[in-house]
Structure formats: C-alpha cells, structure tokens
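Encoded as structure tokens, the structure appears first; notes follow it.
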Amino acid sequence: MAGQTIALVDVRRPDLRWPFPARMAQRLCGQKITGLRRRAKYILADLASGETLIIHLGMSGRMQIDGPFQDCPEPAKHDHVIFHMQTGVRVVFNDARRFGAMDLCQTDQIDSHRFLAKLGPEPLGNRFDEAYLRKAFVNRKTPVKSALLDQKTVAGLGNIYVCEALWRSGIAPQKPVSKLTAKKIAILVPMIRQVLGEAIDSGGSSLRDHLQTNGEMGYFQHSFSVYGREGEACRTSDCKGKITRIVQSGRSTFHCPRCQR
DNA sequence: ACTCGGTCCTGAAGGC
DNA sequence: TGCCTTCAGGACCGAG
C-alpha cells in the first residue's frame with residue numbers, strides 16, 4: 001500500500017471493537033499512503049491528508065492483499081473493510097471475532113492517541129534494555145508473565161511470545177518481577193528479541209486465524225518450545241521436566257516447572 | 001496506584 | 001447427528 005493511492009474503501013459494517021471514526025471511507029478515499037509504519041501491535045498508515053489510519057488486528061484479524069483484479073470478487077465472510085487501491089489491488093481486513101479496531105487521527109498527534117499514549121518501549125528498539133527493565137520491575141509484585149504481557153511494560157509481546165521468551169530465559173512465569181536478579185533480566189532482554197526476530201522471519205504463528213498478507217500461513221508454531229505443548233517433555237538439554245499449563249490472570253501459561261526457576 | 005476477573009465476539013474442538 | 005461446554009494470537013473497564 002505504501003506509495004499507492006486508495007481509490008475506494010468498502011466499509012461493510014459500522015464498527016469492530018469500537019465504532020469506526022466519522023466518515024472513515026470518505027476520509028480515506030483518494031488519499032495517497034505516504035508511509036506505512038508500526039507501533040506495538042498497531043499498523044499505522046500515514047495519509048497525504050495529514051491523518052494516520054490506525055489498525056489493530058485483535059485476536060483473529062488479518063490483512064490480505066489480493067489482485068490486481070479487473071472486477072471485484074465477492075467478499076468472504078468477516079471481510080469487514082476492503083481497501084481498493086488505484087492499481088486494482090485489494091487489501092482486505094478480515095476479523096471473525098471483531099476484537100480488532102480502526103481509527104483516524106492527526107499524524108502529528110499520533111503519540112497521544114488513546115491507543116498509543118500509554119504504551120511502553122518497542123521490544124526491538126534501543127529504549128528497551130536491561131536498565132529499563134530493571135527499573136520497570138522495581139517494587140512490583142506482579143508475576144513476570146503478566147508484567148511482560150502488559151503493553152505498558154513493553155509493547156508488542158503477546159501470550160505465545162512471552163511464554164517462549166520465559167522458557168528460553170529459564171525464568172518461572174509466576175516469579176514476582178521485583179525478585180528477578182539482574183543476571184536473569186540481562187538474559188531475558190536478548191531472549192525476547194530473539195523470539196520475536198525468529199517469529200517475524202517465520203511469518204508469524206498460525207494457530208487458527210493468522211495469515212500473512214500473501215494468504216500463506218506463518219510457520220513459527222512449529223518452533224514453539226512450550227506453547228500448546230502441555231504434557232510433553234521439556235526440550236532443554238538434560239532437563240527431565242514436563243511442560244505444564246497454568247492460568248495467570250485468565251490466560252494460559254505454558255512452562256517447565258523444572259528448568260524455569 | 002495496583003491487580004484481578006469479566007467482557008466483547010465467533011468458531012472450532014471435544015464430551016456425551 | 002446434535003447439543004452443550006470450553007477455549008482461543010487482545011486489551012479495556014470497573015471493582016476491590
């Protein structure tokens with residue numbers, strides 16, 4: 001979409017998780033996309049008008065690029081917003097559960113938008129390091145699993161990647177963050193980057209809904225060490241532990257109670 | 001100022 | 001086959 005102009009936007013329902021912004025289709029129609037960016041789990045499309053389109057995929061959302069077409073194919077079930085580009089390419093936002101979101105905001109005010117205002121640093125950026133995390137963990141009793149899932153601590157980790165990063169770091173998910181040693185935190189930071197890097201290179205994790213923009217599945221799910229592996233043997237060398245599922249603040253956590261301390 | 005559980009929604013899977 | 005319950009890549013909100 002970057003550098004292309006939106007010819008038409010087919011908004012097929014009034015809302016996702018929240019109502020779409022007023023006159024969304026008109027505000028997008030005819031606009032050139034001057035840049036495509038990301039902040040945390042939000043896709044940001046900067047428009048020539050000075051506005052930015054903010055998109056979140058929620059749990060089941062996907063963006064798929066199709067075409068170019070001569071004429072329009074029938075939309076599939078849960079195709080909620082269809083961007084028709086001037087090139088004839090379609091970009092389709094499909095989201096069965098509708099936990100996704102879209103909004104428009106002035107580009108120069110993007111950082112104070114309610115979606116983005118309270119987000120922590122990017123896990124792959126320079127502001128996220130050992131010193132930052134040590135400071136963020138001082139005097140907090142929260143289990144490290146919940147703290148890393150909290151987008152205010154670090155922005156962009158989800159349930160799978162937190163489980164995998166904690167396993168790679170040998171850290172128990174229940175551990176209160178204030179009790180993590182500096183040494184463990186120093187291991188955790190690069191492990192978070194490593195998991196995300198590998199997952200991105202693999203096109204993400206397709207459990208059920210996620211597809212890449214080309215319609216193909218991601219394949220990082222084949223590289224999970226703990227997620228969804230309840231009952232299986234721990235893959236840490238020489239560890240005789242068994243992967244266990246627990247529930248922390250309503251979410252499944254998979255871990256090895258033996259080598260994650 | 002925190003932490004937790006409930007909640008939004010649809011669909012898939014498993015038990016009986 | 002069908003009906004029921006449980007669970008799912010997220011994150012806001014209000015209660016305590």
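Heavy atoms only: backbone and side chains are in, while hydrogens, waters and symmetry mates are out. Fair warning: this is a prediction, and the values are worked out from it, not measured in the lab. Below, read A as the first sequence line, B as the second, and so on, with proteins coming before strands; counting in each chain starts at 1.
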Test of understanding: with side chain to side chain donor-acceptor pair (under 3.5 Å), list the residues that count as partners of [X], not counting sequence neighbours.
X: A/Gln260; answer: none
X: A/Arg193; answer: none
X: A/Arg17; answer: none

Sugar-phosphate only, base, or nothing, as touched by [X] at under 4.0 Å among non-hydrogen atoms:
X: A/Asp95; value: nothing
X: A/Ser252; value: sugar-phosphate
X: A/Tyr161; value: nothing

Length of the [atom1]-[atom2] vector between [X] and [N], whole Å:
X: A/Ile43; N: C/dG9; atom1: CD1; atom2: C1'; answer: 14 Å
X: A/Leu16; N: B/dT7; atom1: CG; atom2: P; answer: 22 Å
X: A/Arg98; N: C/dA8; atom1: CZ; atom2: C1'; answer: 17 Å
X: A/Asn94; N: C/dG9; atom1: CG; atom2: C1'; answer: 15 Å
X: A/Lys152; N: B/dC4; atom1: NZ; atom2: P; answer: 13 Å
X: A/Gln248; N: B/dC4; atom1: CD; atom2: P; answer: 9 Å
X: A/Tyr227; N: C/dG9; atom1: OH; atom2: C1'; answer: 7 Å

- [ ] Specify the residue among A/Ser146 and A/Arg13 whose closest nucleotide of DNA chain B lies further upstream toward the 5′ end.
- [x]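 The 5'-side residue here is A/Ser146.
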With sequence neighbours left out, what residues match [X] under salt bridge (Lys or Arg N to Asp or Glu O under 4.0 Å)?
X: A/Asp209; value: none
X: A/Lys152; value: A/Asp150
X: A/Arg258; value: none
X: A/Arg27; value: A/Glu51

Open item on the list: Please give the stem ranges for DNA chain B, sorted by first residue number, where a stem is three or more consecutive Watson-Crick or G-U pairs and both donor-acceptor distances are under 3.5 Å.
Closed with: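 Output for stems: B:2-8 with C:10-16, B:10-16 with C:2-8.
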Open item on the list: Taking B/dC9 as the reference, what is the distance to C/dC3 when you measure between their P atoms (whole Å, please)?
Closed with: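 So the two P atoms sit 23 Å from each other.
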Open item on the list: Taking only the P atom of each, what is the distance from B/dA1 to C/dA11 in whole angstrom?
Closed with: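 My reading of the P atoms in B/dA1 and C/dA11 gives 23 Å.
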TODO: Indicate for each nucleotide in nucleotides 10-16 of chain C, in 5' to 3' sequence, whether protein heavy atoms under 4.0 Å reach the base (B), only the sugar-phosphate (S), or nothing (-).
DONE: BBS----
Can you pull every protein N or O that's under 3.5 Å from an N or O on nucleotides 11-14 of chain B?
from	atom 1	to	atom 2	distance (Å)
B/dG11	OP1	A/Lys77	NZ	3.0
B/dG11	OP1	A/His78	NE2	2.6

Open item on the list: If the threshold is 4.0 Å, N to carboxylate O, is there a salt bridge linking A/Glu122 and A/Arg39?
Closed with: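 Answer for the salt bridge query: yes.
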Open item on the list: Taking A/Glu130 first and then A/Arg134, would you say they form a salt bridge - that is, a charged N and a carboxylate O separated by under 4.0 Å?
Closed with: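 Result for this pair is yes, salt bridge flagged.
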Result block: side-chain N/O donor-acceptor pairs under 3.5 angstrom for residues 172-179 of chain A, not counting sequence neighbours:
from	atom 1	to	atom 2	distance (Å)
A/Ser178	OG	A/Arg140	O	3.3

TODO: Based on the glycosidic angle (syn within 90° of 0, else anti), state the conformation of B/dG6.
DONE: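 What B/dG6 shows is an anti base, its glycosidic angle lying more than 90° from 0.
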Task: Co-members of the apolar cluster containing A/Tyr42 [side chain, <4.5 Å] - done: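 Taking Ile, Leu, Val, Met, Phe, Trp and Tyr as members, A/Tyr42 shares its hydrophobic cluster with A/Trp18, A/Leu44, A/Ile54, A/Ile110, A/Phe115, A/Leu116, A/Leu119.
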Task: Heavy-atom neighbours of A/Met217 CE exceed 12 at 6.0 Å - done: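 Atom CE in A/Met217 is not packed in, count stays at 12 or less.
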Open item on the list: Check this one for me: any side-chain N or O of A/Ser249 less than 4.0 Å away from OP1 or OP2 of B/dG5?
Closed with: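 For B/dG5, OP1/OP2 do not have a side-chain N/O of A/Ser249 under 4.0 Å.
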